[in-house]
Asker: 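Below you'll find the structure I mean.
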Amino acid sequence: AYDNVDASYELHPTYNWVDISAGLGTNLNLADPGEKTQITQIYTAVRPLPFTFRFYGIDYDTITVTASGNIAFGNQHGADHFRNYPVPAQSAPRAMIAPYWDDLRTSQAGQGVWWYNDTANNRVIIQWKAGCGGSGYSTPLNFQVILYGQDLTPTLDGNGRILFQYNDVTMNLSGSF
């Protein structure tokens, strides 16, 4: 993992926000109201990956995107668990990547989950614009996970590169902790 003090490290990633929600990406229509009222409400989309992605030594060709701020490799259509239990958890999706795993609302104007296959840069970008915060869901979130194919960005162990980007993540916390 890298942070803002790693700028002198030769291989540090460069923050380069690509807003795919403005028409570049495909809206996955995961309009989660933030509170499940019926067990039949599923807010996931299973997508084929444009390249094989190795995650902890296992190769995957599909990914499940959830409205709850996480993705999971393979077809895990019903795995939209919004409760962020410690990982690994019995009810958590297998092979999960969680840039902001929480009970998110993606159903309001300007909110959603988008997918973009950036073939020129050999990467897939998934972006969430959501509300968070329990009652009211007033905390604005805008974040991405980017998966890189091995063609342009190989790794020493063959596992795929993953990048989290946070454009707007505000923590509106109150109360005593």
Side-chain angles (χ1 to χ4, degrees), residues 13 15-51 53 55 60-85 87 89 91-149 160-172:
Y15 181 78
N16 183 19
W17 185 261
V18 179
D19 187 4
I20 65 171
S21 70
L24 187 61
T26 301
N27 188 334
L28 297 178
N29 296 312
L30 300 178
D32 186 342
E35 292 293 333
K36 277 196 171 197
T37 57
Q38 297 176 18
I39 194 70
T40 56
Q41 293 172 298
I42 303 293
Y43 302 106
T44 62
V46 178
R47 304 288 297 206
L49 287 168
F51 45 77
F53 193 89
F55 186 63
Y60 294 94
D61 61 2
T62 57
I63 195 163
T64 302
V65 180
T66 79
S68 297
N70 65 71
I71 61 175
F73 290 101
N75 184 343
Q76 299 188 54
H77 173 65
D80 67 336
H81 305 287
F82 60 89
R83 295 195 193 284
N84 42 359
Y85 294 111
V87 177
S91 63
R94 297 171 313 281
M96 179 178 64
I97 298 173
Y100 199 106
W101 182 23
D102 208 344
D103 189 11
L104 305 180
R105 177 173 58 192
T106 57
S107 61
Q108 300 298 307
Q111 295 179 339
V113 183
W114 289 265
W115 165 280
Y116 178 60
N117 176 15
D118 183 359
T119 56
N121 294 301
N122 195 37
R123 63 186 181 173
V124 167
I125 303 171
I126 302 145
Q127 179 176 346
W128 288 261
K129 290 177 89 172
C132 181
S135 62
Y137 292 90
S138 60
T139 304
L141 302 171
N142 189 2
F143 61 95
Q144 299 175 332
V145 63
I146 302 174
L147 305 177
Y148 290 90
R161 278 187 50 222
I162 303 164
L163 176 66
F164 293 175
Q165 294 198 123
Y166 300 93
N167 194 45
D168 186 10
V169 177
T170 305
M171 298 302 296
N172 293 333

Asker: Rounded to the nearest 0.5 Å, what separates atom CG in Leu49 from atom OH in Tyr60?
Answerer: 11.0 Å
Asker: Show, in sequence, the C-alpha distance, side-chain angles and deciding distance for Trp115 and Val65, and conclude whether the side chain to side chain contact (heavy atoms under 4.5 Å, CB included) test is met.
Answerer: CA-CA 9 Å; Trp115 165 280; Val65 180; 4.3 Å; yes
Asker: Kindly compute the distance separating CG (Asp102) from OG (Ser68), expressed to the nearest 0.5 Å.
Answerer: 8.0 Å
Asker: Indicate the atoms forming the closest heavy-atom contact of Ala67 with Leu104, along with that distance.
Answerer: O-CB, 3.5 Å
Asker: Please state whether the rings of Phe164 and Tyr166 are parallel, tilted or perpendicular, taking 30° and 60° as the class boundaries.
Answerer: perpendicular
Asker: Work out which heavy atom in Thr62 is nearest to a heavy atom in Pro48; give both atom names and the distance.
Answerer: CG2-CA, 4.1 Å
Asker: So, using salt bridge (charged side-chain N to carboxylate O under 4.0 Å, His left out) as the criterion, who are the partners of Arg47 when residues are at least two apart?
Answerer: none
Asker: For the side chain of Asn122 and the backbone of Gly149, is there at least one donor-acceptor N/O pair under 3.5 Å apart?
Answerer: yes
Asker: When rounded to the nearest 0.5 angstrom, what is the spacing between CH2 in Trp114 and CG in Leu28?
Answerer: 9.5 Å
Asker: To the nearest 0.5 Å, what is the distance between CG on Asn70 and CD1 on Ile97?
Answerer: 9.5 Å
Asker: Looking at Trp17, is its backbone amide N or carbonyl O close enough to the side chain of Gln144 to form a donor-acceptor pair, meaning the two atoms are under 3.5 Å apart?
Answerer: no
Asker: Would Tyr148 and Asn121 satisfy side chain to side chain contact (heavy atoms under 4.5 Å, CB included), going step by step from the backbone distance to the final call?
Answerer: CA-CA 8 Å; Tyr148 290 90; Asn121 294 301; 5.9 Å; no
Asker: Is the Phe53 ring parallel, tilted or perpendicular to the Phe73 ring (thresholds 30°, 60°)?
Answerer: parallel
Asker: Do Pro50 and Thr119 come within less than 4.5 Å of each other through their side chains, counting heavy atoms only?
Answerer: no
Asker: Will you find, in the side chains of Ser21 and Asp19, an N or O donor that is under 3.5 Å from an N or O acceptor?
Answerer: yes
Asker: Write down the atom of Gly69, the atom of Pro99, and the distance for their closest heavy-atom approach.
Answerer: O-CD, 3.3 Å
Asker: Do Ile126 and Val113 come within less than 4.5 Å of each other through their side chains, counting heavy atoms only?
Answerer: yes
Asker: Quick check on side chain to side chain contact (heavy atoms under 4.5 Å, CB included): which of Leu147, Thr64, Ile162 does Ile71 satisfy it with?
Answerer: Leu147
Asker: CD1/Ile125 to CD1/Ile146 distance, rounded to the nearest 0.5 angstrom?
Answerer: 4.5 Å
Asker: Keeping Asn27 on the side-chain end and Asn29 on the backbone end, is there a donor-acceptor pair under 3.5 Å?
Answerer: yes
Asker: State which residues pass side chain to side chain contact (heavy atoms under 4.5 Å, CB included) with Leu24; sequence neighbours excluded, sorted by chain then number.
Answerer: Val18, Ile20, Tyr116
Asker: Report yes or no: do Asn167 and Tyr15 form a side-chain donor-acceptor pair below 3.5 Å?
Answerer: yes
Asker: Would you compute the distance between atom CZ of Arg105 and atom OH of Tyr43 and round it to the nearest 0.5 angstrom?
Answerer: 12.5 Å
